[in-house]
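Reading through the structure tokens given below for one structure.
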Amino acid sequence: MGKLLIVGSVAFDAIETPFGKTGKILGGAATFIGLAASQFKVKSAIVSVVGDDFPKSYLDLLEDRNIDISGIEIIKGGKTFYWKGKYHNDLNSRDTLVTELNTLANFNPIVPNGFMDADVVMLGNLHPNIQMSVINQMEKRPKLTILDTMNYWMDNTWDELMAVIQKIDVIAINDAEARQMTQEYSLVKAAAKIQEMGPKYVVIKKGEHGALLFHEEHIFFAPALPLEEVFDPTGAGDTFAGGFSGYLAEARNISFENMKNAIIQGSNLASFCVERFGTERMLELQRHEVENRLMQFKELTQFNIELN
Ligand code: AMP
């Protein structure tokens with residue numbers, strides 16, 4: 001079975017959308033990545049940190065899905081990372097109202113013994129030095145290392161980010177981040193520039209407008225499934241990353257052709273994530289629902305124009 005190592009936040013989130021708001025609920029990038037990846041036949045582990053205010057029942061939810069949580073450090077007397085966000089009416093943009101790093105501020109990731117030889121490493125959005133520390137702990141170069149980041153690290157830790165992206169294979173970021181990283185408006189030009197910075201594969205997520213995959217002169221595009229209802233987009237990007245990395249860890253085939261399938265798997269799972277608050281939908285997601293929606297994806301994108 002393929003091994004997937006995930007590093008990222010495990011958090012309390014509080015979310016406000018035009019449809020309602022939550023108190024502190026289970027969140028964090030690594031949580032969404034792990035839940036999405038658990039849809040595949042992989043051995044996965046999360047490396048993260050929480051305080052002892054983090055309910056055991058939340059950790060049990062992860063463990064119940066066969067996610068190895070021995071790499072989630074619990075700091076005695078510490079407080080768990082807390083993020084609060086409010087979405088605008090169109091749900092495409094949000095304001096971050098609170099970011100309390102708490103235990104994440106001094107996070108020193110320790111990769112569990114059984115995962116230093118992971119096939120796929122998924123580096124969630126964190127300080128690039130933390131991402132680098134995980135890379136440096138690997139016994140051998142993984143088959144595939146994927147990285148997510150955000151504007152905050154570009155603004156504040158550019159040099160560290162540039163150092164880490166030289167060591168990875170795939171970067172998965174959104175369109176605004178790709179533009180900020182390269183100062184190019186054209187995503188084709190931006191992807192070419194990012195490939196010069198290190199990663200040979202560039203995934204650009206465009207929210208409800210789908211995702212693009214770039215590699216050398218090849219481009220692949222997958223739409224997002226047009227949904228009747230989007231309730232809460234929190235974690236959609238991480239869920240996409242979990243589907244992408246989980247699928248590739250299971251398939252053990254990291255060709256460009258198979259990465260196209262990984263993009264579809266990621267998009268498919270993200271379409272469920274947004275249907276309820278936080279992790280709610282991912283926690284009850286059944287295999288047959290995933291497969292039915294994959295069929296819908298196929299129908300959405302298939303056509304039969306004959307070319308001579
Ligand atoms: P997304 O909607 O894909 O951007 O991911 C949202 C998740 O990222 C939430 O569950 C947050 O807990 C987590 N998150 C937000 N800001 C940060 C940050 N600065 N560092 C790590 N995780 C974060």
Side-chain angles (χ1 to χ4, degrees), residues 6-17 22-37 46-51 54 58 61-62 72 79-88 91-107 109 122-131 134 146-157 160-161 171-177 203-208 211 224 230-245 266-267 269-283:
I6 300 161
V7 58
S9 52
V10 170
F12 287 129
D13 285 352
I15 304 161
E16 204 173 322
T17 78
T22 70
K24 284 188 178 183
I25 58 172
L26 171 64
T31 307
F32 284 104
I33 294 168
L35 291 177
I46 291 180
V47 173
S48 193
V49 64
V50 293
F54 197 71
Y58 283 175
L61 287 174
L62 299 174
I72 304 183
K79 279 179 80 182
T80 300
F81 174 75
Y82 171 50
W83 176 82
K84 181 173 184 180
K86 180 177 175 173
Y87 287 85
H88 301 159
L91 288 174
N92 276 326
S93 52
R94 71 183 178 206
D95 294 325
T96 290
L97 302 180
V98 180
T99 301
E100 286 177 13
L101 288 177
N102 300 329
T103 49
L104 209 54
N106 300 309
F107 177 35
M122 179 64 233
L123 303 168
N125 167 35
L126 284 174
H127 194 299
N129 286 351
I130 298 176
Q131 297 174 319
V134 169
I146 306 157
L147 175 141
D148 184 9
T149 189
M150 70 188 290
N151 55 352
Y152 180 83
W153 307 118
M154 293 179 208
D155 292 337
N156 296 297
T157 57
E160 293 91 332
L161 181 61
I171 188 166
I173 51 180
N174 69 33
D175 44 357
E177 290 157 355
V203 177
I204 300 184
K205 299 170 283 181
K206 289 159 60 72
E208 64 174 329
V230 176
F231 191 75
D232 169 24
T234 307
D238 304 313
T239 301
F240 173 93
F244 182 85
S245 54
S267 306
L269 291 175
S271 78
F272 289 102
C273 175
V274 302
E275 289 181 339
R276 302 259 179 85
F277 270 132
T279 58
E280 272 173 22
R281 185 69 173 100
M282 297 309 289
L283 284 170

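Indexing begins at 1, ligand by ligand and atom by atom, following the structure's order. Along the sequence shown, the residues carry numbers beginning at 1.
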Nearest to atom 20 (N) of ligand 1, what protein heavy atom do you find, and at what distance?
-> N125 O, 3.8 Å
Pull out every atom of ligand 1 sitting under 4.0 Å from any heavy atom of G237, numbered as shown with elements.
-> 3 (O)
Of all the non-hydrogen atoms in the protein, which one sits nearest to atom 12 (O) of ligand 1, and at what distance?
-> D13 OD1, 2.6 Å
Do E208 and N92 come within less than 4.5 Å of each other through their side chains, counting heavy atoms only?
-> yes
Report the nearest protein non-hydrogen atom to atom 2 (O) of ligand 1: residue, atom name, distance rounded to 0.1 Å.
-> G235 N, 2.8 Å
Which residue owns the protein heavy atom closest to atom 22 (N) of ligand 1, what's the atom, and how far is it?
-> S9 OG, 2.8 Å
Please state which protein non-hydrogen atom is closest to atom 15 (C) of ligand 1 and give its distance, to 0.1 Å?
-> W83 CD1, 3.6 Å
Could you tell me whether a side-chain N or O of T149 sits under 3.5 Å from a main-chain N or O of N125, the two making a donor and an acceptor?
-> no
Evaluation steps, side-chain contact (heavy atoms from CB on, under 4.5 Å), between T234 and W83 | CA-CA 11 Å; T234 307; W83 176 82; 3.8 Å; yes
Judged by modelled atom types alone, do N156 and H127 share a side-chain donor-acceptor pair under 3.5 Å?
-> no
Y87 versus V230: any side-chain heavy-atom pair under 4.5 Å?
-> no
Worked verdict on T239 versus L35 for side-chain contact (heavy atoms from CB on, under 4.5 Å) = CA-CA 8 Å; T239 301; L35 291 177; over 6 Å; no
Set of residues satisfying side chain to side chain donor-acceptor pair (under 3.5 Å) with respect to E275, sequence neighbours excluded | R281, R293
F231 versus I15: any side-chain heavy-atom pair under 4.5 Å?
-> no
Does G28, backbone or side chain, put an N or O under 3.5 Å from an N or O of ligand 1?
-> yes
For A11, counting its heavy atoms only, list the atoms of ligand 1 lying under 4.0 Å from any of them.
-> 12 (O)
For ligand 1, indicate whether the residue F81 contacts it via side chain, backbone, both or neither (heavy-atom separation under 4.0 Å).
-> side chain
Check: T80 side chain, G51 main-chain N or O, donor-acceptor pair, under 3.5 Å = yes
Going by the atom numbers of ligand 1, which of them fall below 4.0 Å from some non-hydrogen atom of T234?
-> 2 (O), 6 (C)
With heavy atoms and a 4.0 Å threshold, my read on which part of D238 contacts ligand 1 is both
Could you name the option among R94, M150, K205 that has the heavy atom nearest to atom 4 (O) of ligand 1?
-> R94
Does Y82 come within less than 4.0 Å of ligand 1, judged by its heavy atoms?
-> no
